[in-house]
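For reference, the structure is listed below as structure tokens.
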There are 2 protein chains.
Amino acid sequence: METKNIILTEDCLECLFKTTCNQTISQEDFDFLFQSTTQQNYKKGEVILKQGLKTNNLVYLLKGIVKFNYEDENKKNLILTITKAPTLLGLANILNEDVSIFSIVAIEESRGCLIDLDKLKMLALNNRLFMLNILKMSTGMFRSSIFNFISLAHKQVNGRIADILINLTKNVYQNNSFILSISRQEFAEYAGCSKENVIHTLRNFDNDNIIKISGKSIKILNLDRLIKISQVG
Amino acid sequence: METKNIILTEDCLECLFKTTCNQTISQEDFDFLFQSTTQQNYKKGEVILKQGLKTNNLVYLLKGIVKFNYEDENKKNLILTITKAPTLLGLANILNEDVSIFSIVAIEESRGCLIDLDKLKMLALNNRLFMLNILKMSTGMFRSSIFNFISLAHKQVNGRIADILINLTKNVYQNNSFILSISRQEFAEYAGCSKENVIHTLRNFDNDNIIKISGKSIKILNLDRLIKISQVG
DNA sequence: TAAAAAAAATGCACTTTTTCACTTTTTAAA
DNA sequence: TTTAAAAAGTGAAAAAGTGCATTTTTTTTA
């Protein structure tokens with residue numbers, strides 16, 4: 001049986017190094033960062049980063065699917081986005097020293113690599129290209145979140161739900177058929193509407209042969225029409 | 001009469017240098033950046049950065065108020081946010097080489113300082129603290145935009161309009177009384193609802209003595225109730 | 001400064017969405 | 001494996017929001 005360390009190294013060479021920091025970080029710098037990282041498994045529902053708490057690390061998600069969850073003054077949950085591995089979580093907190101403004105919660109069995117924020121910052125200060133890379137990821141994340149924002153803020157429920165289905169198919173599950181990792185209630189928290197509205201709208205899409213639903217299992221039958229619904233709003 | 005250059009220098013020492021890059025950029029570096037900047041006046045309605053075009057500069061807004069405007073596939077305009085000087089515009093484009101995803105348009109007589117993006121990048125690469133500062137601004141902007149996003153995506157029109165009024169009072173005009181720089185139609189594009197709904201809601205707030213409206217002139221009479229309306233959504 | 005154009009306001013019919021009370025189905029636990 | 005609890009689903013009434021026609025007011029410009 002291999003030791004834990006060897007598994008870690010392989011994973012990291014495969015993921016963080018190759019995909020995220022590629023070519024901007026030397027092996028020794030990477031090893032420096034790597035020494036302080038620990039891997040962590042998360043069960044469905046487990047909190048990875050908690051809203052309101054100061055965090056000392058980024059989490060490089062190796063495996064799994066997570067939701068960004070904001071809990072408002074009235075304890076109402078709102079899902080900001082759903083995203084899958086591999087991805088770097090906690091970028092928004094990287095320099096603003098105050099607390100995290102939302103929680104990140106696993107909605108599928110996940111595994112993440114905790115990266116010490118202080119060491120990462122130290123490294124970034126000494127490695128311009130690496131820092132540039134992080135800056136790029138940060139602004140890139142901002143840019144992509146704007147479209148999500150536009151959908152939710154300026155479309156009706158049909159269009160919002162269509163957008164969510166498109167995002168799940170194209171980016172999260174990357175498959176026309178998938179088993180939904182969230183409840184109808186959570187879907188409603190994502191779409192910004194009531195759960196009944198989600199149920200009715202999904203049912204309508206099913207009746208119109210745009211999707212086929214059976215419990216948590218969803219199959220996209222007609223992506224083009226979904227895109228059209230998204231466009232008319 | 002003073003020369004234009006002297007005026008420029010004074011402005012910049014006052015604004016960009018002191019407020020944004022403070023302590024992270026040397027006088028000579030600043031002068032290097034400054035040599036390539038030009039100042040520009042914008043009339044109400046003039047476009048500062050255009051959606052869909054590649055931009056070669058950031059704009060440091062010295063004076064005025066601007067809207068971030070997104071035009072969708074159906075030519076419908078959506079206002080993402082409204083912000084006032086002094087502020088740095090175009091951060092979202094700083095590293096992602098592709099085109100700007102929204103326009104920035106003056107809604108009041110404004111003045112901006114065009115900063116060459118290549119020179120700024122060169123400078124950032126040679127000055128870690130300066131780059132850190134820009135990274136900080138970028139993530140800070142992202143963080144603050146999330147609350148706007150939450151309001152629009154997950155509240156009803158009452159709450160959204162309350163949020164917009166609160167933002168205008170606290171951050172944009174920084175006064176309980178102000179002359180609105182946007183039309184009811186634009187207000188609707190910001191709130192994500194119909195212009196009739198804006199008119200009715202503002203009228204209701206007026207009837208309830210929460211605000212006093214008279215054309216474009218708005219006075220906030222009861223900020224606490226507005227905050228309460230924002231909270232219940 | 002008068003005429004034309006644009007913006008604001010109004011009321012109403014219509015559509016969308018929420019809320020609620022309830023039933024059915026699925027999941028978890030004793 | 002039965003029971004309890006949670007989630008999903010239903011339909012209808014109430015509330016919220018839109019779109020349109022029309023009038024009034026404000027702004028622009030000739």
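So that the names make sense, note that chain A is the first sequence line, chain B the second, and so on, each numbered from 1.
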Is the number of heavy atoms from other residues, nucleotides or ligands under 6.0 Å of A:K219 NZ greater than 12? no
Shoot me the first and last contacting nucleotide of DNA chain C against chain B, ordered 5' to 3', at under 4.0 angstrom to non-hydrogen atoms. C:dA8 to C:dT18
Round to the nearest Å and state the distance from A:F187 atom CZ to D:dA7 atom C1'. 16 Å
Side-chain donor/acceptor pairs under 3.5 Å, residues 192-199 of chain B, sequence neighbours excluded:
residue : atom : partner : partner atom : Å
B:S194  : OG   : B:N197  : N            : 3.2
B:N197  : OD1  : B:T201  : OG1          : 3.3

Out of curiosity, B:L168 CG to B:I182 CD1, how far, rounded to the nearest 0.5 Å? 6.5 Å
What do the steps show when you test B:D163 against B:S230 for side chain to side chain donor-acceptor pair (under 3.5 Å), and what is the final call? CA-CA 6 Å; B:D163 276 328; B:S230 155; 2.7 Å; yes
Is A:Y42 close to A:V105 at the side-chain level, that is, under 4.5 Å between some pair of heavy atoms? no
Tell me, which of residues 150-169 of chain B have any heavy atom that sits under 4.0 Å from an atom in DNA chain D? B:Q156, B:V157
Using heavy atoms and a sub-4.0 Å distance, could you list which residues of residues 200-218 of chain A are near DNA chain D? By number, please. A:H200, A:R203, A:K216
Is there a side-chain contact between A:I179 and A:Y173 in this structure, where contact means two heavy atoms from C-beta onward sitting under 4.5 Å apart? no
Under 4.5 Å between any side-chain heavy atoms of A:K50 and A:V99, yes or no? no
Sugar-phosphate, base or nothing in reach of A:S183, heavy atoms under 4.0 Å: sugar-phosphate
Grab the NZ-P distance between B:K195 and D:dT22 for me, whole Å please. 15 Å
Side-chain touch A:I211/A:L165, heavy atoms, less than 4.5 angstrom: yes
Taking atom P of D:dC20 as reference, at what distance in whole Å does atom CD of B:E196 sit? 9 Å
Between B:T81 and B:F149, is there a side-chain heavy-atom distance shorter than 4.5 Å? no
Rounded distance (Å) that lies between atom P of D:dC20 and atom CG of B:N197: 15 Å
Measure the CD1-CG distance between A:I150 and B:D72 for me, rounded to the nearest 0.5 Å. 8.5 Å
Without decimals, in angstroms, what is the distance between B:I199 CD1 and D:dC20 P? 15 Å
Hey, what bend do you get for the helix from C:dT1-D:dA30 to C:dA30-D:dT1 if you fit axes on five pairs at each end, rounded to 10°? 50°
Least distance between heavy atoms, B:N167 atom then B:Y190 atom: ND2-OH, 3.3 Å
Can you name the residues that form a ring pair (Phe, Tyr, Trp, His ring centres under 6.0 Å) with B:Y70, not counting sequence neighbours? none
Would you mind telling me which of B:K84, B:E108, B:K67, B:K44 makes a side-chain hydrogen bond (donor to acceptor under 3.5 Å, both in side chains) with B:S181? B:E108
